[in-house]
Amino acid sequence: MKQVSSRPEEALVLDLPPLPEEVFADLLAFGGLGEEEKRAMRLDAERLLEEAASFVAGVYDHLSRHPGTARALGWEGRVPEEELYTRRAFFSAWLARTIGVDTSAEFAREVYRAGLWHGGLGPKGALIPPEYVGLSFAQVGRYVAERVRDVRPWLVYLSVQEEVMRKGFDAALALREGKVAVRFQALGLAHPALPRPLALRAGGVGEALFKAFAVNPALRDLALEVLAAEEEVGLWLEPKTLWRLRPRWTVLLNGRDVRYLEGLATPLREGDLLTLLPPGR
């Protein structure tokens with residue numbers, strides 16, 4: 001992780017990872033999944049939908065019976081019917097969009113959010129090991145392979161989704177790594193940009209902001225703007241994307257504007273509170 005320090009009079013500038021939709025588009029292109037391939041895949045939709053409901057039920061029956069996933073989901077001994085229904089509904093919606101070969105930016109963010117939830121940021125705070133997620137994707141791949149003539153583009157598509165989800169999982173896990181425990185909150189914003197107060201570990205303001213924006217792309221949309229830059233790569237300069245706080249947005253550390261402390265390099269102490277404020281707050 002890199003961070004770009006700033007003088008007090010300058011806007012705060014961060015070097016953030018690509019957005020989920022950027023990763024999604026890049027990997028789909030790398031895998032050779034173009035419009036022609038997607039049109040051909042959508043012709044498989046009817047066959048794939050025929051037994052989709054029973055497939056979803058079977059997946060969750062397996063998850064509830066396997067000791068590892070049952071323990072992670074809190075389903076040891078009894079499976080709450082309401083929670084099971086909610087999870088099946090979420091999985092069904094994802095499967096329907098997958099069968100429809102959705103490659104939209106919005107879907108990429110939903111897949112990323114699923115990774116965040118598997119990393120412990122969901123309502124229950126459950127941590128689902130990535131190997132279980134990977135094997136669940138393998139189950140979907142087998143279901144598809146048994147019903148289509150050409151499974152290759154489907155495997156590319158599912159692999160790309162798994163990678164985007166894994167990045168969300170890794171971003172969630174990164175919140176637990178760092179020097180001291182601090183909190184981050186954003187005030188005066190509307191859903192979906194408004195995150196819940198976030199507990200994380202970091203040694204400095206830049207690291208904390210990097211992690212907070214990594215797990216909340218919608219907040220990045222609202223609070224940050226793109227700053228074109230260049231990076232030395234050998235003897236060449238290559239274009240690079242940085243992100244800076246929009247004018248009149250403020251980051252406070254325990255009520256003090258960090259731009260008048262040490263900017264992104266400001267060290268954090270145990271229990272510190274970082275607050276993001278939009279203009280006029």
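For the single chain, residues carry numbers from 1 onward in sequence order. These numbers come from a predicted model, not from an experiment.
- Contact of the Leu28 side chain with the Thr103 side chain is registered, since non-hydrogen atoms from C-beta on lie closer than 4.5 Å.
- Partners of Leu127 by side chain to side chain contact (heavy atoms under 4.5 Å, CB included), not counting sequence neighbours, listed by chain and number: Phe169, Leu173.
- Rounding to the nearest 0.5 Å gives a distance of 10.5 Å between OG of Ser104 and CZ of Arg109.
- Note that CZ of Arg201 is 11.5 Å distant from CG of Leu268, once rounded to the nearest 0.5 Å.
- Every residue meeting the side chain to side chain contact (heavy atoms under 4.5 Å, CB included) condition with Pro267, not counting sequence neighbours, appears here in chain and number order: Glu262.
- Within the structure, every pair that satisfies the side chain to side chain donor-acceptor pair (under 3.5 Å) test and touches residues 134-148, not counting sequence neighbours, is listed here: Glu51-Arg147.
- A donor-acceptor pair is defined here as one N or O able to donate and one able to accept, closer than 3.5 Å; no such pair exists between the side chain of Glu177 and the backbone of Ala174.
- Although no hydrogens or angles enter the test, the distance criterion places a donor-acceptor pair under 3.5 Å between the side chain of Arg246 and the main chain of Leu224.
- Leu19 has its side chain out of reach of Tyr112: every pair of non-hydrogen atoms, C-beta onward, lies at least 4.5 Å apart.
- At least one donor-acceptor pair closer than 3.5 Å links the side chain of Glu207 to the backbone N or O of Gly203.
- Side-chain heavy atoms closer than 4.5 Å link hydrophobic residues (I, L, V, M, F, W, Y) into clusters, and following such links, possibly through other members, connects Val151 to Leu49.
- Among all heavy-atom pairs drawn from Ser64 and Ala70, the shortest one is O-CB, 3.5 Å.
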- Go through the steps for Val251 and Asp257 under the test side chain to side chain contact (heavy atoms under 4.5 Å, CB included), then give the verdict. CA-CA 6 Å; Val251 176; Asp257 190 331; 5.8 Å; no
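- Residues forming a side chain to side chain contact (heavy atoms under 4.5 Å, CB included) with Asp26 (at least two apart in sequence, or on another chain): none.
- Evaluation of the salt bridge (charged side-chain N to carboxylate O under 4.0 Å, His left out) rule for Asp272 yields no partner, not counting sequence neighbours.
- The shortest non-hydrogen separation linking Leu222 to Trp249 is O-CZ2, 3.5 Å.
- Rounding to the nearest 0.5 angstrom, the gap separating the CG atom in Leu33 from the CG atom in Leu155 is 11.0 Å.
- The closest side-chain heavy-atom distance from Val164 to Gln161 is not below 4.5 Å.
- Residue-environment remark: CZ (Arg47) exceeds the threshold of 12 foreign heavy atoms within 6.0 Å.
- Side-chain contact annotation: Asp15 with Trp243, donor-acceptor N/O pair under 3.5 Å absent.
- Closest of all the heavy-atom pairs between Ala208 and Leu274 is CB-CD1, 3.5 Å.
- Residues that satisfy the side-chain hydrogen bond (donor to acceptor under 3.5 Å, both in side chains) test with Arg42, not counting sequence neighbours, are absent from this structure.
- Taking the six-membered ring for Trp and the full ring otherwise, the centers of Tyr132 and His118 sit at least 6.0 Å from each other.
- Among residues two or more places apart in sequence or in another chain, the ring pair (Phe, Tyr, Trp, His ring centres under 6.0 Å) test is passed with Phe137 by Trp94.
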- Task: Might you work through the salt bridge (Lys or Arg N to Asp or Glu O under 4.0 Å) test for Glu110 and Arg113, ending with a clear yes or no?
- Result: CA-CA 5 Å; Glu110 281 296 302; Arg113 183 168 68 95; 2.8 Å; yes
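- Considering CZ of Arg87 and CG of Leu63, their distance stands at 9.0 Å, rounded to 0.5 Å.
- Dense packing is recorded around CD of Glu270, with more than 12 heavy atoms of other residues, nucleotides or ligands lying under 6.0 Å away.
- Counted within 6.0 Å of CD on Glu106, heavy atoms from surrounding residues, nucleotides or ligands total more than 12; the atom is thus considered enclosed.
- The same ILVMFWY cluster, assembled from side-chain heavy atoms under 4.5 Å apart, contains both Val226 and Phe213.
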- List the steps, then state whether side chain to side chain contact (heavy atoms under 4.5 Å, CB included) holds for Leu245 with Leu276. CA-CA 10 Å; Leu245 200 66; Leu276 177 67; 3.9 Å; yes
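- Put simply, Val56 and Tyr85 are part of two different groups of oily side chains (I, L, V, M, F, W, Y) that touch within less than 4.5 Å, one to the next.
- Residues in residues 148-165 take part in these salt bridge (charged side-chain N to carboxylate O under 4.0 Å, His left out) pairs, two or more places apart or across chains: Asp150-Arg152, Glu163-Lys167.
- The cluster map of Ile, Leu, Val, Met, Phe, Trp and Tyr, joined by side-chain heavy atoms under 4.5 Å apart, puts Leu73 and Phe90 in different clusters.
- In terms of the side-chain hydrogen bond (donor to acceptor under 3.5 Å, both in side chains) criterion, residue partners of Thr275 (sequence neighbours excluded) are, by chain and number, Gln185.
- Atoms CG and CG, from Leu198 and Leu121 in turn, are 6.5 Å apart once rounded to the nearest 0.5 Å.
- In this view, Arg183 and Leu273 satisfy the side chain to side chain contact (heavy atoms under 4.5 Å, CB included) rule, not counting sequence neighbours.
- Annotation for Arg176: atom CZ counts as buried by contact number, over 12 foreign heavy atoms lying within 6.0 Å.
- Sequence neighbours left out, the pairs with a member in residues 122-138 that pass salt bridge (charged side-chain N to carboxylate O under 4.0 Å, His left out) are Glu83-Lys124.
- Two residues are said to be in side-chain contact when any heavy atoms from C-beta on lie closer than 4.5 Å; Phe184 and Pro197 fail this criterion.
- A pairwise comparison of heavy atoms in Tyr60 and Leu84 identifies CB-CD1, 3.8 Å as the closest pair.
- Among all heavy-atom pairs drawn from Ala171 and Leu116, the shortest one is CB-CD2, 4.3 Å.
- Between Phe107 and Phe24, the ring planes lie perpendicular to each other; the angle is over 60°, past the 30° to 60° tilted range.
- Taking CG of Leu209 as the reference point, atom CG of Leu264 lies at 6.5 Å (rounded to 0.5 Å).
- Qualifying side-chain hydrogen bond (donor to acceptor under 3.5 Å, both in side chains) partners for Arg65, counting only residues two or more places apart in sequence or in other chains: Asp61.
- In this structure, Trp154 and Leu48 have side chains that are in contact, with non-hydrogen atoms separated by less than 4.5 Å.
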- Task: Given side chain to side chain contact (heavy atoms under 4.5 Å, CB included), test Val156 with Phe30 step by step and report yes or no.
- Result: CA-CA 9 Å; Val156 169; Phe30 179 78; over 6 Å; no
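- Here the closest non-hydrogen pair linking Pro278 and Gly188 is CG-O, 3.8 Å.
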- Verdict with supporting geometry, Thr250 and Arg259, side chain to side chain contact (heavy atoms under 4.5 Å, CB included): CA-CA 9 Å; Thr250 307; Arg259 287 172 295 190; 3.7 Å; yes
